[in-house]
Amino acid sequence: MKLLVTGATGYIGSHAVLELLEAGHEVVGVDNLSNSSRESLRRVEALTGKAVPFVQADIRDRGAMAAVLNAGGPADGARAFDAVMHFAGLKAVGESTEQPVAYYENNVAGTLSLLDAMESAGVRRMIFSSSATVYGDPQSVPIAETTPVGSPSNPYGFSKLMIEQILRDLAAADPRWSVALLRYFNPVGAHSSGRIGEDPQGVPNNLVPYISQVAVGRREALSIFGDDYPTPDGTGVRDYIHVVDLARGHVRALEFLVNAGVGQTDPSGQSPRAAGDQAPANCPVWNLGTGRGYSVREAVAAFEKASGRTIPVRVAPRRPGDIAACYADPTLAREQLGWEAEHGLEAMMRDAWRWQRQNPQGYEG
Ligand code: NAD
Ligand code: UFG
């Protein structure tokens, strides 16, 4: 299949492009390079021996997106692309509370512009990067997809919730569309080659990139944001998932949409509704997580073991908006997609460390 991947040079996008190429698909990448480097896709090309045409464009530029989506279509008027994998967006939770308009504009307005361009090109299949943040502070864990979405504690989370709603409404209104909403838990790690990985700009917001930068000597110590949560050791518990497993989940979701014929117009012209709930069947939702939660202290210990380095830590106050524990019930993805995470915490930390050690300053180093 031929895929347009937005956010293709980013952390998860670049790993997904690699897995798509390995699975035999063709990819065109789009990114505005606001939070990533062109170098990531060059490395994907080197690793796979396959070309990835790249267009530097902003998803909010509807004309540019329509041009990309319509380009290179066969002369008989068939579609140029089979699907769009949509990773592009802003993702820093703290920044979103300071610049909410930028977040709604990039994420929500950007997605609307992309959808409009897709419609104009007759490309009506999308895999969307959502987030466990849509569950808010869950009443209980593990979290299944049937858990009602909650109230996210920041504009970033709300932007994901809004996009999910837009996509659900679109799928309900037009049975030709098929959309997969993938709710990621905590993606970490890197490709086992150590050639591509997470390269945050400035001070990392997330735990594993921060630990990695401490290990490589770029930062002094990790602040543990709170050790008085109602968890076994008092620190926050999360479902860390290896980015390669996550990327493979996208390939499975794509195959599901295509093979299950999701989104093909049924004779009634109606969007099929899933039995017993409000989600249209042409807009499935899957959690992508391991089902296992680890605390901050457990993550630090695993990283120390994988790297052989000591990570100095200090306990700091809780970070506003954080919750005690969040981990997935990944049963639905296993049953419907035949997908489950294969890498454990040790492999996640080993690969995160290999990437950081080989690229101490990231792609620009
Ligand atoms: P990333 O910042 O590395 O990748 C996002 C990419 O989108 C970047 O390359 C950036 O330059 C690009 N981009 C941003 N705005 C754009 C625009 N208007 N037009 C074109 N390109 C634009 O982040 P990531 O970790 O790879 O995340 C990918 C997706 O997954 C995002 O939508 C993010 O919200 C979502 N997600 C990430 C996590 C996580 O912890 N990393 C968790 C849940 C969901
Ligand atoms: N943490 C620290 N110190 C740090 C960074 C994080 O103690 O320097 C702790 C946090 O308090 C939390 C855990 O490590 O308990 C994980 O924090 P992250 O920032 O790595 O991840 P979050 O769970 O807060 O959020 C991430 C993404 C969101 C996404 C969410 C989905 O940043 O975009 O996962 O679950 F929505």
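Start at 1 and go down the list; that is how both ligands and their atoms are numbered. Every heavy atom of this structure was used, including side-chain atoms; hydrogens, water molecules and symmetry mates were not.
- At a heavy-atom cutoff of 4.0 Å, ligand 2 is surrounded by S131, A132, T133, Y156, Y184, F185, N186, N205, N206, L207, L222, S223, I224, F225, G236, R238, Y240, V296, R319, D322.
- The main-chain N or O of W355 is found under 3.5 Å from a side-chain atom of N359 such that the two form a donor-acceptor pair.
- A cation-pi arrangement is present between R318 and Y229 under the rule of less than 6.0 angstrom and at most 45 degrees off the ring axis.
- Checked against K2 for a side chain to side chain contact (heavy atoms under 4.5 Å, CB included), the options V27, D82, L20 give a single hit: D82.
- R42 has a carboxylate O that lies under 4.0 Å from a charged side-chain N of E39, or vice versa, which qualifies the two as a salt bridge.
- Sorted by first and then second residue, the ring-ring contact (aromatic ring centres under 6.0 Å, His included) pairs with a member in residues 80-115 read H86-F128, F87-H250; sequence neighbours excluded.
- Residue-environment remark: CD (Q358) exceeds the threshold of 12 foreign heavy atoms within 6.0 Å.
- The salt bridge (Lys or Arg N to Asp or Glu O under 4.0 Å) analysis of residues 192-211, with sequence neighbours excluded, yields the pairs K91-E198.
- Note that CZ of R124 is 8.0 Å distant from CZ of R79, once rounded to the nearest 0.5 Å.
- Protein residues with a heavy atom closer than 4.0 Å to ligand 1 are G7, T9, G10, Y11, I12, D31, N32, L33, S34, N35, S36, A57, D58, I59, R60, F87, A88, G89, K91, N106, S129, S130, S131, Y156, K160, Y184, P187, listed by chain and number.
- Comment: R183 does not engage E145 in a salt bridge, judged by the lack of any side-chain N to carboxylate O separation of less than 4.0 angstrom.
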